[in-house]
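Please read all numbers here as calculations on a predicted model, not as lab measurements.
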Amino acid sequence: MIKKSIIISFLIILSFSLNVFADDSDYVDIGMTFNNEESNNGVIYGESFYLIQDENLLETNADKIEFSLENGYRLQIGEAYSNYDDFVKAYADILKFDSPLSIGFDSDYKIYTSAFTSIEEANEYKGLLSDKTDLQLELVHINDKVCIDTENMDIIVDNDVVLKNNRLTFSYDGNKYRGDIKFYVYYGKISFINHLKVNDYLYGVVPREMDTDW
């Protein structure tokens, strides 16, 4: 009986303390893999994934996401777009003279070419592309960022972007999890983070901390 009371007291304290470390009063970040080079790529399954960062949203229309660490060079075509409608229009216009395209997604929307392995290769393509457009062409070093492959396009994301889907759960590495996903990159290694509501976290932790006979 004493042991049971101690564990229940611990869980009550834990439920209050989680809010301190959460992004806000409703969410908590749980590190599933941390600073592990073996986690620099993987596959996530869900339903109609989409990305959110502050007020920005980006639909992927994909049920499977492959992620990997990217270090390379791309050309950014045009400006960074804070307005989604302006971005969509620019993307459609650029698609007429260059394909495939990739997207940079954070506080703005950016349009990138495919990846290059060297500056020389990127600059050579920049010369060819400059004959097709008057838009600004900027050489960008994609250094230790997560690339999401949706089968239709690549999306380069920053650390504070949240990956959601239209199911209650997502599947990763053979297991199902509630909530959403974040990626954080530290010194060339991806940390895979489960971003979920505190109550959803407690659904999982409480049964594992209490004996079923109680």
S.K.: Is there side-chain contact between Glu79 and Gln136, with heavy atoms separated by less than 4.5 Å?
M.R.: no

S.K.: So, for Tyr186 and Ser191, which heavy atoms are closest and what is the spacing to 0.1 Å?
M.R.: CD1-OG, 3.6 Å

S.K.: Please check if atom CD in Glu59 has more than 12 non-hydrogen atoms from other residues, nucleotides or ligands closer than 6.0 Å.
M.R.: yes

S.K.: Looking only at non-hydrogen atoms, find the nearest pair between Leu139 and Ala122 and report the distance.
M.R.: CD1-CB, 3.4 Å

S.K.: Should Tyr45 and Asp63 count as side-chain neighbours, where that means a heavy-atom distance under 4.5 Å?
M.R.: no

S.K.: How far apart are the C-alpha atoms of Ile111 and Gln76, what are their side-chain angles, what is the distance that settles it, and do they pass the side chain to side chain contact (heavy atoms under 4.5 Å, CB included) test?
M.R.: CA-CA 6 Å; Ile111 301 173; Gln76 181 180 324; 6.0 Å; no

S.K.: Working note: Tyr50 + Thr60, criterion side chain to side chain contact (heavy atoms under 4.5 Å, CB included); need CA distance, chi angles, decisive distance, verdict.
M.R.: CA-CA 5 Å; Tyr50 58 100; Thr60 72; 5.5 Å; no

S.K.: Following the transitive rule for hydrophobic clusters with a side-chain heavy-atom cut-off under 4.5 Å over Ile, Leu, Val, Met, Phe, Trp and Tyr, establish whether Ile65 and Leu57 coincide in one cluster.
M.R.: no

S.K.: Is the shortest heavy-atom distance from the side chain of Asn40 to the side chain of Lys189 under 4.5 Å?
M.R.: yes

S.K.: Would you find a donor on one side and an acceptor on the other, under 3.5 Å apart, between the side chain of Thr133 and the backbone of Ser130?
M.R.: no

S.K.: Does a sphere of radius 6.0 Å around CD in Glu38 hold more than 12 heavy atoms from other residues, nucleotides or ligands, not counting ones at 6.0 Å or beyond?
M.R.: no

S.K.: Just checking, any donor-acceptor pair under 3.5 angstrom between side chains of Arg74 and Ser102?
M.R.: yes

S.K.: Show the nearest heavy-atom pair for residues Gly104 and Tyr112, with the distance to one decimal.
M.R.: CA-CE1, 3.6 Å

S.K.: Grouping I, L, V, M, F, W and Y whenever their side-chain heavy atoms are under 4.5 Å apart, do Phe49 and Val161 come out in a common cluster?
M.R.: yes

S.K.: Parallel, tilted or perpendicular: which describes the rings of Phe67 and Phe183, with under 30° parallel and over 60° perpendicular?
M.R.: tilted

S.K.: Enter the distance from Asp154:CG to Ser114:OG here, rounded to the nearest 0.5 Å.
M.R.: 7.0 Å

S.K.: Could you tell me which residues satisfy salt bridge (charged side-chain N to carboxylate O under 4.0 Å, His left out) with Asp93, sequence neighbours excluded, listed by chain and number?
M.R.: Lys89, Lys96

S.K.: Please check this pair: side chain of Thr113 against backbone of Leu75, looking for a donor-acceptor N/O pair closer than 3.5 Å.
M.R.: yes

S.K.: Does any non-hydrogen side-chain atom of Leu69 lie less than 4.5 Å from one of Asn41?
M.R.: no

S.K.: Is there a side-chain contact between Lys110 and Ile103, using heavy atoms and a 4.5 Å cut-off?
M.R.: no

S.K.: Inspect the surroundings of CD in Glu124 and state if more than 12 heavy atoms from other residues, nucleotides or ligands are less than 6.0 Å away.
M.R.: no

S.K.: Given Ile181 and Phe170, is the side chain to side chain contact (heavy atoms under 4.5 Å, CB included) satisfied, shown in steps?
M.R.: CA-CA 9 Å; Ile181 303 139; Phe170 66 89; 3.6 Å; yes

S.K.: Do Leu95 and Met153 sit in the same hydrophobic cluster, where Ile, Leu, Val, Met, Phe, Trp and Tyr count as joined when their side-chain heavy atoms come under 4.5 Å apart?
M.R.: yes

S.K.: Between Thr169 and Tyr177, is there a side-chain heavy-atom distance shorter than 4.5 Å?
M.R.: no

S.K.: Quick check for you: to the nearest 0.5 Å, what is the distance between Asn165 atom CG and Asp180 atom CG?
M.R.: 7.5 Å

S.K.: Quick one about Asn61 and Asn152 (side-chain donor to acceptor, distance below 3.5 Å, no hydrogens or angles considered), yes or no?
M.R.: no

S.K.: With under 30° as parallel and over 60° as perpendicular, where do the rings of Tyr172 and Phe192 fit, or are they tilted in between?
M.R.: parallel

S.K.: Nearest 0.5 Å please: distance from the NZ atom of Lys145 over to the CG atom of Asp158.
M.R.: 4.0 Å

S.K.: Atom OH of Tyr109 and atom CZ of Phe87: how far apart are they, to the nearest 0.5 Å?
M.R.: 7.5 Å

S.K.: Quick check: do Tyr91 and Leu101 have side-chain heavy atoms less than 4.5 Å from each other?
M.R.: yes

S.K.: Not counting sequence neighbours, which residues clear salt bridge (charged side-chain N to carboxylate O under 4.0 Å, His left out) with Asp98? List them please.
M.R.: none

S.K.: When clusters are formed by joining ILVMFWY residues with side-chain heavy atoms under 4.5 Å apart, either directly or through shared neighbours, do Phe105 and Ile52 land in the same one?
M.R.: no

S.K.: With no hydrogens and no angle check, is any side-chain donor or acceptor of Asn194 less than 3.5 Å from a backbone partner on Arg178?
M.R.: yes

S.K.: Please answer whether the main-chain N or O of Asn143 pairs with a side-chain N or O of Asn71 as donor and acceptor at a distance below 3.5 Å.
M.R.: no

S.K.: So do the side chains of Leu137 and Ile77 get within less than 4.5 Å of each other, counting heavy atoms only?
M.R.: yes

S.K.: Between Gln53 and Asp160, is a side-chain hydrogen bond (donor to acceptor under 3.5 Å, both in side chains) present by the stated rule, with each step listed?
M.R.: CA-CA 7 Å; Gln53 204 280 330; Asp160 50 356; 2.9 Å; yes

S.K.: Show the numbers, then the answer: is there a side chain to side chain contact (heavy atoms under 4.5 Å, CB included) between Ile155 and Cys147?
M.R.: CA-CA 6 Å; Ile155 305 172; Cys147 178; over 6 Å; no

S.K.: Is the ring pair Tyr125/Phe116 parallel, tilted or perpendicular, if the boundaries are 30 and 60 degrees?
M.R.: tilted

S.K.: Say you draw a straight line from CD1 of Ile156 to CD1 of Ile148; how long is it, rounded to the nearest 0.5 Å?
M.R.: 9.0 Å

S.K.: Working to the nearest 0.5 angstrom, can you tell me the gap between Asp108 CG and Asp86 CG?
M.R.: 11.5 Å

S.K.: So if you build clusters from Ile, Leu, Val, Met, Phe, Trp, Tyr with side-chain heavy-atom gaps below 4.5 Å, do Val43 and Val157 land together?
M.R.: no

